[in-house]
Amino acid sequence: MPYRRFEFHQRLTEVCGEYEAARVAVDRLRGDLIATPDLGKRLEAAVRDHLEAAHRNLEGTYIVRLFAAFEAALRSCDRSKHKDPTRQTDASIMIDEIGGKRNRGIPLSVREGAHAVRRVRNFWAHESDEDPGPMSIDKSRASLQK
């Protein structure tokens, strides 16, 4: 059954809420380590070693999750439209096909925004050599919810 519009927007909102919670937690731990240097000695080595990378990569990680929720909704619509529950279509094609319907389509600028988020997702998820440049989680969400 295809995602309903409200459910789709709610899922994107939930992913962004998880990002905000994770951002607060990582920032707080980093601040606590500065304020209480001996706290670092009590943390497991893996946490100490990876905290800065977690801070640096958090937004990109959640953009991947945000796009995954968006892609799941696209895929659900695509499979319903073609009456094929196993259909596999690239996200770029689904964005253009679903968004490009005549007289009912989604404006090109909106589709380009979704493609921009897709490129950021590809950079983070597939370690693409083509760096699409920075994109905030808020801009990603706004682009995908249009």
Side-chain angles (χ1 to χ4, degrees), residues 1-34 39-40 43-146:
M1 173 182 220
Y3 278 71
R4 293 195 173 111
R5 186 175 181 181
F6 175 77
E7 293 168 351
F8 158 68
H9 284 280
Q10 183 61 34
R11 182 66 189 124
L12 294 184
T13 299
E14 289 169 3
V15 171
C16 286
E18 291 174 23
Y19 164 76
E20 292 299 328
R23 171 58 62 207
V24 166
V26 168
D27 288 350
R28 174 129 187 223
L29 181 55
R30 289 177 74 233
D32 288 352
L33 286 171
I34 292 168
L39 176 62
L43 289 176
E44 292 183 28
V47 172
R48 286 193 314 269
D49 293 345
H50 296 292
L51 183 59
E52 285 307 309
H55 172 72
R56 192 173 49 253
N57 297 329
L58 192 63
E59 198 159 41
T61 299
Y62 274 88
I63 289 173
V64 170
R65 293 215 31 231
L66 194 64
F67 192 84
F70 173 77
E71 187 175 13
L74 278 181
R75 191 163 309 288
S76 179
C77 289
D78 185 65
R79 288 175 174 172
S80 177
K81 174 184 161 189
H82 291 280
K83 298 178 180 18
D84 181 357
T86 62
R87 180 176 162 88
Q88 292 294 322
T89 307
D90 288 342
S92 63
I93 293 170
M94 289 188 294
I95 291 167
D96 289 335
E97 282 183 352
I98 291 172
K101 294 178 182 176
R102 274 193 193 141
N103 301 322
R104 304 184 300 168
I106 297 169
L108 179 61
S109 62
V110 173
R111 285 183 276 146
E112 287 173 346
H115 281 300
V117 179
R118 181 184 55 78
R119 286 189 292 276
V120 170
R121 182 279 313 252
N122 288 347
F123 177 74
W124 284 98
H126 304 299
E127 298 182 354
S128 170
D129 291 336
E130 185 180 332
D131 185 347
M135 181 179 283
S136 72
I137 192 93
D138 291 333
K139 181 171 170 64
S140 299
R141 177 183 176 187
S143 294
L144 297 178
Q145 283 190 321
K146 289 181 180 177

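Quick note: numbers below take in every heavy atom, side chains included, and nothing from hydrogens, waters or symmetry partners. We number each residue from 1, following the sequence as shown.
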Contact summary for [X] and [Y], nearest pair of heavy atoms:
| X | Y | result |
| --- | --- | --- |
| Leu12 | Ala69 | CD2-CB, 3.8 Å |
| Met94 | Asp78 | SD-CB, 3.7 Å |
| Arg111 | Ile95 | CD-O, 3.7 Å |
| Phe70 | Ala114 | CZ-CB, 4.1 Å |
| Ser143 | Gly113 | CB-O, 3.7 Å |
| Cys16 | Ile137 | SG-CG1, 4.1 Å |

Any ion pair linking Glu59 and Arg23 (charged N to carboxylate O, less than 4.0 Å)?
-> no
Please report the interatomic distance [atom1]([X]) to [atom2]([Y]), rounded to the nearest 0.5 Å.
| X | Y | atom1 | atom2 | value |
| --- | --- | --- | --- | --- |
| Gln145 | Arg11 | CD | CZ | 12.5 Å |
| Lys81 | Ser76 | NZ | OG | 13.5 Å |
| Leu74 | Asp90 | CG | CG | 12.0 Å |
| Glu52 | Leu33 | CD | CG | 8.5 Å |
| Leu66 | Ser140 | CG | OG | 6.0 Å |
| Leu58 | Glu20 | CG | CD | 9.5 Å |

With Glu112 via side-chain hydrogen bond (donor to acceptor under 3.5 Å, both in side chains) - residues at least two apart | none
Above 12 or not: heavy atoms from other molecules or residues under 6.0 Å from CD of Glu130?
-> no
Could you walk me through whether Arg87 and Thr89 pass the side-chain hydrogen bond (donor to acceptor under 3.5 Å, both in side chains) check?
-> CA-CA 7 Å; Arg87 180 176 162 88; Thr89 307; 3.2 Å; yes
Show me the donor-acceptor pairs, under 3.5 Å and distance only, between side chains in residues 119-126 and residues at least two apart or in other chains.
| from | atom 1 | to | atom 2 | distance (Å) |
| --- | --- | --- | --- | --- |
| Arg121 | NH1 | Glu71 | OE1 | 3.1 |

Is there a donor-acceptor contact under 3.5 Å from the side chain of Thr13 to the main chain of His9?
-> yes
Residues at least two apart in sequence or cross-chain that pass ring pair (Phe, Tyr, Trp, His ring centres under 6.0 Å) with Tyr62, listed by chain then number, are Tyr19
Please examine the side chains of His115 and Asp96, heavy atoms only from C-beta on, and report whether any two atoms are closer than 4.5 Å.
-> yes
Arg141 versus Lys146: any side-chain heavy-atom pair under 4.5 Å?
-> no
Checking side-chain contact (heavy atoms from CB on, under 4.5 Å) for the pair Arg30/Val26: CA distance, chi angles, key distance, verdict?
-> CA-CA 6 Å; Arg30 289 177 74 233; Val26 168; 4.1 Å; yes
Decide whether Asp84 and Thr86 meet the rule of one side-chain donor and one side-chain acceptor closer than 3.5 Å.
-> yes
